[in-house]
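Just so it is clear: chains get the letters A, B, ... in the order the sequence lines come, proteins before strands, and each one is counted from 1.
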Amino acid sequence: MREDPLSIEYRGLLNPAQLEAVLHRETPLLVLAGAGSGKTRVITYKIAYLIHECGYRPEEIFAVTFTNKASNEMRERVNVLLEDSVDVWVRTFHSSAAKLLREWGKSLGVDPGFSIIDQQDQRSGLKKIVRSMNIDTETYRPEKYMYLINRAKDLLMNADEAASASFSSDLYFNDVYAQYQALLDRENLFDFSDLLFKLTRALERHGEVLERIRRRFRYILVDEFQDTNHAQYVLIRQLVGGGGSICVVGDDDQSIYGFRGARIENIHNFVKEYENCRVIKLEENYRSFQNILTASSQVINNNEERFGKTLYTKKGEGEKLIFCRTGTDYEESRFISKTILELGLIHGYRYSDCAIFYRMNAQSRAFESVFNQHRIPYTIVGGLRFFEREEIKDILAYIRLAMNPMDEIALRRIANRPPRGIGQRTVDAMVKACMDRGYSILHGDDDLPIAPSRKKLVLAFTELIADIGERITTQDPPSLLQHVYTTSGYLEWLRREQKEEKVKNLEELYNAVYEFHRSSPESSIVDFVEEVSLNQGARDDEFQDNRVHLITLHNAKGLEFPVVFMAGMEEGVFPHYLSGEALQDQQEERRLCYVGMTRAMERLYLTAAKSRLLWGRTVERDVSNFIREIPKDLLVEKEFGMSAANRASQRSGGSQAGLPSGSGLKKRRIVERDNSNITVNSRVVHESFGRGTVRSLQDDIAEIEFDDGFVMQFMLKYTPIQIENS
DNA sequence: CCAATAAGTGTTTTT
DNA sequence: CACTTATTGG
């Protein structure tokens, strides 16, 4: 080990295993980083070390992650350590591929002017193809082909190769894949899988370009390596070449993206694939109390084929885990809501200390409605994303179409939005005519074989798009956007239809573009579109306020919260009934459970409802097997809301708990109150929850049963409550 | 040929 | 329940 002084005091800031991971650089390195063991710390310090101590220039370092959130966080932390050495390449796999293709496309034989389509566009394209083949779209669902085609691309197989390898036994798969790819190629569109597929293919063919890229990136770091798919694995292999300048970090127990092609074998076989590989395990956990670690370890121990590691912490045992069975999903929300309020009143937790994890996005609705009633502020992380909204995608489609007049998918999206008399028939005719004759889709000549009554309308539309196209280079992004809003008639249409929410979103889009323009004045709207088509991103304000976080288990990876609720711990919901019987799938669900549990720092609650209103039906559910895998002595079991009284209150809609609307109640202010006149059995009125009776009183903590059956504890000196005056 | 309305249907996780 | 597709009236 080096003995010369280091310019950053690494030794004091890292534990021995972390330090070793930072300093090792002669041969390939695999860091097995358990949950909460400081892996981001290792990566960022390693980057700093390479630059400060080993003579690497920032732009020679290539660091990839999976999510935009992770890459933003990493870039920020690197910038703090390096005092704004922003040239380090910190990007997601997909944005890395897109950037390399744009930069090197010309020498790689790839047209760098491609547009990127998201899965919605991908689906609509496939739907069109399947329908045109006149086959039964119920047995042969477009979604199925979407899945298969993406998996084939992840495995670096084009349509021909997939066909000769008998990739799928589906009768029409080969045909659908070929047609779909023809559609994309014709219009120079790339789906997400294409980015990596085409890049690795092109690098294979052009060894001389690969060689130049290798010389540029002298050290490669990969985060969350357990989630790499085959294409990503191959890309990394290509970039590293024969050298040892690679460090991958991951945790096989946290591999949760098998459904989109991730191969856990990549991390398991890394040692075999990279010669002289060094393996370092990070097993000290800095996040959770021991009870949480023990419980989650016990759960994940039921999986096979793991590296296996033993997480430990120097923190104490901490609280036991709490498992609560409720009658219905609605009561589950009420229990969690009540618990959050109590944690705040009794232990001083803030809303933003609490997070609720669930398996399916649809589960958030119950929480939203109960939280609204109880005036608990919340935020849905990664729910309906801003840039996935209809109106946003429509506006961006105008710009996309102007950029790339071959983009049929964008054309179909907006040809008649707002309604301008160009229906499906007319669009079909336009597309077909142009395809046959090799025109651009925007060709507005008189000889197009469309109904005479439509010609004028079509001409007006093509002129509209052409006009936008000219302004892309001449106008700055914000005013161009404004121009699109008005000349397309889109904004006026929304106003006429009274879609206030959507109008607001367009304003927000304008703000985003304005901000984009301000921060990089030389960039065009094209760059903006590029950014948002990859950054299917969240808004910045997601984490700012004091709000409870509602979040899917998949989105929770990489986060941590003092208090975690895992909701819907029921067979069929989690593990999800569609996740498959195969051992592989069951194990992935279990890893997802492990990921969720290990996010908790101090308190972990698990809840399950007996019956759940899902898909318009009430379904009875058993408790998830994962609960049984938690040692009994670490678990406090409770029940909530299965009494007749609560059933009744539920039917009445729960409006009793609603606040009187209006004055001054938006923010709960912490004011001390004198409630010493309240004793056991007092009849009381609570500002939010209405009338009730005090059931017990101990050390200023009162348990109150409200008339609707809702039972809750309060710290009286902070509670807005009075004796009922009769 | 388009737009509004009525019936019908299939429900995970995401770059 | 929310979203897609068939039908009918303009």
Side-chain angles (χ1 to χ4, degrees), chain A residues 64-71 91-98 116-120 122-124 127 131 137-138 141-144 146-147 150 153-154 190-197 224 227-229 231-232 255-262 357-363 365-366 381-385 387-388 390 415-429 450-455 457-458 497 532-538 551-557 568 572-580 585 588-589 591-593 595-596 612-619:
Chain A
V64 266
T65 62
F66 276 82
T67 65
N68 294 294
K69 203 182 286 166
S71 76
R91 286 171 170 269
T92 66
F93 266 104
H94 289 87
S95 100
S96 297
I116 300 166
I117 61 169
D118 68 9
Q119 80 267 40
Q120 282 181 49
Q122 189 179 23
R123 204 167 122 247
S124 77
K127 197 178 257 179
R131 249 203 308 250
T137 52
E138 281 172 36
R141 296 180 42 214
E143 288 79 8
K144 184 187 174 193
M146 180 159 101
Y147 175 81
N150 286 334
K153 287 182 179 178
D154 291 344
F190 282 30
D191 59 34
F192 282 124
S193 306
D194 275 333
L195 292 168
L196 287 143
F197 177 37
E224 308 274 18
D227 286 325
T228 49
N229 64 30
Q232 290 158 340
S255 170
I256 56 173
Y257 285 108
F259 69 92
R260 73 176 193 213
F357 299 164
Y358 38 79
R359 180 66 230 270
M360 302 174 283
N361 286 113
Q363 286 171 262
R365 293 185 181 285
V381 178
L384 5 139
R385 290 153 215 225
F387 288 107
E388 275 173 6
E390 193 178 37
N416 211 26
R417 262 197 279 183
R420 52 169 71 86
I422 303 178
Q424 184 138 15
R425 270 281 231 297
T426 309
V427 177
D428 285 344
I450 51 177
S453 63
R454 304 289 135 192
K455 280 197 173 158
L457 299 167
V458 170
E497 301 275 312
V532 302
S533 39
L534 282 168
N535 178 12
Q536 296 283 307
I551 187 165
T552 63
L553 283 153
H554 283 86
N555 267 322
K557 188 157 76 160
V573 174
F574 189 34
H576 196 276
Y577 78 112
L578 284 179
S579 65
D585 300 317
E588 182 152 313
E589 291 287 299
R591 289 194 292 267
L592 192 56
C593 182
V595 166
R612 176 174 294 277
L613 190 69
L614 222 50
W615 322 316
R617 239 173 245 289
T618 305
V619 218

How is Lys557(A) classified with respect to the nucleic acid when contacts are heavy atoms under 4.0 Å: base, sugar-phosphate, or nothing?
nothing
Does the side-chain ring of His554(A) sit on the six-membered ring of the dT13(B) base, less than 5.5 Å centre to centre and under 30° in tilt?
no
Per-nt protein contacts along nucleotides 1-7 of chain B (heavy atom under 4.0 Å; B base, S backbone sugar-phosphate only, - none) come out as SSS----
Look at the rings of His554(A) and Phe259(A) and say which category their plane angle falls in: under 30° parallel, 30 to 60° tilted, over 60° perpendicular.
perpendicular
Could you walk me through whether Phe574(A) and Gln363(A) pass side-chain contact (heavy atoms from CB on, under 4.5 Å), step by step?
CA-CA 12 Å; Phe574(A) 189 34; Gln363(A) 286 171 262; over 6 Å; no
Using the rule given for side-chain contact (heavy atoms from CB on, under 4.5 Å), can you reason through Asp191(A) versus Met146(A), listing the C-alpha separation, both sets of side-chain angles and the distance that settles it, and then say yes or no?
CA-CA 11 Å; Asp191(A) 59 34; Met146(A) 180 159 101; over 6 Å; no
Distance in angstrom units between Gln120(A) CD and dT15(B) C1', rounded:
14 Å
Is Thr67(A) near enough to dT14(B) that one of its side-chain N or O atoms lies under 4.0 angstrom from OP1 or OP2?
no
What's the closest nucleotide to the Arg141(A) side chain, out of dT11(B), dT13(B), dT15(B)?
dT11(B)
Could you check whether Phe259(A) gets within reach of a base, just the sugar-phosphate, or nothing at all, counting any heavy atom under 4.0 Å?
base
Can you tell which of dT4(C), dT14(B), dT12(B) lies closest to the side chain of Asn361(A)?
dT14(B)
Test for a donor-acceptor pair under 3.5 Å between the base of dT15(B) and the side chain of His94(A), counting only N and O atoms.
yes
Ignoring the backbone of Tyr257(A), work out which of dT15(B), dT4(C), dT14(B) is nearest its side chain.
dT14(B)
The side chain of Arg260(A) lies closest to which of these nucleotides: dT15(B), dA2(C), dT13(B)?
dT15(B)
Going by atom types only, do Asn150(A) and Gln119(A) share a side-chain donor-acceptor pair under 3.5 Å?
no
dT13(B) and dT4(C), which share atom name P, separated by this distance in whole Å:
15 Å
Measure the acute angle between the ring planes of Phe192(A) and His94(A), then classify it against the limits of 30° and 60° as parallel, tilted or perpendicular.
perpendicular
Please classify the nucleic acid contact of Arg91(A) as base, sugar-phosphate, or nothing, using heavy-atom distances under 4.0 Å.
nothing
